[in-house]
Amino acid sequence: MADEREAVNFIHQIIDRDLESRKYGDRPIQTRFPPEPNGYLHIGHAKAICLNFTTAEKYKGKCNLRYDDTNPVKEDTEYVESIEADVHWLGFEWDGLFYASDYFQIMYDCAVRLIEKGKAFVCELTADEMRDYRGTLTQPGKESPWRNRPIEENLRLFKEMKEGKYQDGEFVLRAKIDMASPNINMRDPIIYRIAHATHHNTGDEWCIYPMYDYAHPLEDAIEKITHSLCTLEFEDHRPLYDWVLEELDWPMPPQQIEFARLNLTNTVMSKRYLKALVDERKVEDWDDPRMPTIAGLRRRGYTPEAIRDFCDRIGVAKANSEVDISLLEYCIREDLKEKVESRMVVLDPLKVVITNYPADQTEMVEIENSKERPDMGNRQLPFSAELYVEREDFMEVPEKKYFRLYPGNEVRFKSAYFITCNEAIKDENGKVVELRCTYDPETRSGSGFTGRKVKGTIHWVDARSAVPITVRNYDYLMIPDENGENQLNPDSLKEFKAFAEPGLAEAVAGERFQFFRQGYYIADEKLTTADHKVFNQIVNLKSSWKK
Ligand code: ATP
Ligand code: MG
């Protein structure tokens with residue numbers, strides 16, 4: 001971890017150097033977050049967002065939000081809206097909000113200049129032929145027979161491509177670089193293609209679209225980006241990025257710097273895969289609480305603080321690696337433990353009858369709102385002869401070291417009394433349906449009783465005042481199979497018809513609590529109504545994360 005935290009500086013070291021040499025003159029440091037609006041943002045994007053925005057902040061620079069919307073078919077306004085909501089929710093404010101598609105005319109004009117310089121040509125090889133001509137990692141490619149087409153003819157054809165005279169795939173515009181380059185990206189890459197498709201921003205204005213490797217450096221340059229931070233898979237594309245701006249004599253061109261993508265255990269982060277889960281209804285939607293999307297994490301109950309803390313802890317490295325998801329879970333526990341109050345909820349209820357407690361009496365017992373924060377005060381809970389406990393807290397034949405309820409054993413009911421289990425009542429199938437217990441009035445919590453000790457403390461709710469709620473516990477959406485490949489976990493959602501202490505009837509959507517002994521929960525923003533509360537498990541209480 002220490003190594004990685006230090007590595008944060010590798011980008012900042014480059015910026016420090018550039019500031020010292022006044023590489024960008026008086027310009028402010030300018031970064032950007034450039035999502036393609038073809039899906040919802042995920043936790044990997046959060047890493048890129050935090051890096052770009054906090055780098056700008058550190059240098060009193062600027063950070064833009066830019067939609068990298070040069071591919072007309074996969075993009076959608078719904079995604080545009082979700083991206084803005086997610087960046088804001090994480091706590092960042094962009095300086096400029098731009099669409100790459102607003103630069104289509106400039107990009108077109110730049111392509112014309114490349115043609116005029118003899119640096120681009122219109123090619124009519126088919127896709128298959130082009131693959132054959134490209135060569136391999138060990139063999140150089142072959143030059144296209146159209147490579148030396150006269151400039152005038154290139155200009156005419158490119159203009160006609162733009163005017164819609166040709167079908168998709170009939171022609172492409174290619175950069176004229178080097179078919180023998182050891183870097184395949186430099187072997188006369190395609191920079192424009194024909195696509196008769198309606199674009200979410202420009203409609204039917206264009207039927208030719210620039211390729212990513214050509215468009216991206218121009219988008220950065222137009223916005224006067226100084227440092228263009230992107231993930232490692234673009235390292236081999238950097239020579240092309242630089243080539244485009246150099247051939248266009250762009251002054252003070254931006255510098256691309258690559259960092260490692262975030263990979264998380266038990267998590268798949270490809271937008272394509274996540275979209276398939278949504279489309280095939282394997283999850284509720286993009287904001288299903290099991291999804292690694294920002295919207296999913298938000299609905300799950302994660303806080304922006306926890307996600308930013310996580311991004312800070314993982315740092316920025318030059319080499320790809322996989323981060324243990326338990327670190328993310330650690331961060332949300334750390335954030336919530338001093339913020340939220342505790343409540344008593346029984347997920348899988350088993351009835352308890354206290355046979356020596358007056359049948360029609362109810363008394364109030366006092367319980368602390370937070371173990372971590374005594375200043376959060378106490379509240380009163382009803383206690384009577386009929387209670388619910390967790391079915392898990394009873395064993396007819398106890399295992400070794402089981403200190404909870406079993407016939408003959410005495411335990412503490414949290415903030416109430418010592419209670420002894422005497423008898424388990426079963427139905428005709430042998431299932432335990434009720435526990436007969438007795439309480440010791442001397443042992444009332446807060447009375448100063450020191451007569452004897454018990455090993456177990458369990459939670460409970462008063463049966464007569466309990467509020468029925470729905471509780472959703474989650475397991476990882478993805479679990480590795482025997483080959484270590486992530487597969488969809490069929491048991492990622494477990495729903496409980498639970499009983500809660502009376503106050504939870506007042507919970508409002510988005511409110512978070514610790515459920516005593518269970519974990520952290522949030523009232524679901526979509527499913528919670530005035531009459532019925534649905535809670536999502538944010539995270540359990542036990543940490544498997546080792547510092
Ligand atoms: P996906 O593969 O999930 O579709 P993408 O890279 O195509 O993701 P973009 O919308 O192009 O998604 O990403 C916007 C920015 O976020 C890019 O700069 C990209 O490098 C960065 N990014 C995407 N995924 C990750 C990740 N897992 N870790 C860090 N940065 C990421
Ligand atoms: Mg991408």
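Whatever order the structure lists ligands and atoms in, that order sets their numbers, starting from 1. Since we're looking at a predicted model, the values are computed, not measured.
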Determine whether the side chain, the backbone, both or neither of His42 has a heavy atom under 4.0 Å from any heavy atom of ligand 1.
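For His42, only side-chain atoms sit under 4.0 Å from ligand 1.
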Does Phe33 approach ligand 1 within less than 4.0 angstrom via side chain, backbone, both or neither, non-hydrogen atoms only?
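The answer is the side chain of Phe33.
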N/O of [X] under 3.5 Å from N/O of ligand 1, yes or no?
{"X": "His45", "result": "yes"}
{"X": "Ala48", "result": "no"}
{"X": "Ser270", "result": "no"}
{"X": "Arg261", "result": "yes"}
{"X": "Arg32", "result": "no"}
{"X": "Lys271", "result": "yes"}

Please work out whether the ring planes of His216 and Tyr212 are parallel, tilted or perpendicular, with thresholds of 30° and 60°.
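Judged by the thresholds at 30° and 60°, the geometry between His216 and Tyr212 is parallel.
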Test of understanding: with side-chain hydrogen bond (donor to acceptor under 3.5 Å, both in side chains), list the residues that count as partners of Glu525, not counting sequence neighbours.
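For Glu525, no residue satisfies side-chain hydrogen bond (donor to acceptor under 3.5 Å, both in side chains) once neighbours in sequence are set aside.
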At less than 4.0 angstrom from any non-hydrogen atom of Thr231, what atoms of ligand 1 do you find?
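In order of numbering, the contacting atoms are 19 (C), 20 (O), 29 (C), 30 (N), 31 (C).
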Is the distance from the ring center of [X] to that of [Y] below 6.0 Å?
{"X": "Phe98", "Y": "Tyr67", "result": "no"}
{"X": "Phe104", "Y": "Tyr209", "result": "yes"}
{"X": "Tyr166", "Y": "Phe171", "result": "yes"}

Examine Lys318 relative to Phe259 and say whether NZ or CZ is less than 6.0 Å from the centre of the six-membered ring and inside a 45° cone about the ring axis.
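No, cation not above the ring by the 6.0 Å, 45° rule.
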So, does Thr293 use its side chain to make a donor-acceptor pair with the main chain of Trp286 at under 3.5 Å?
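Yes; at least one donor-acceptor contact below 3.5 Å.
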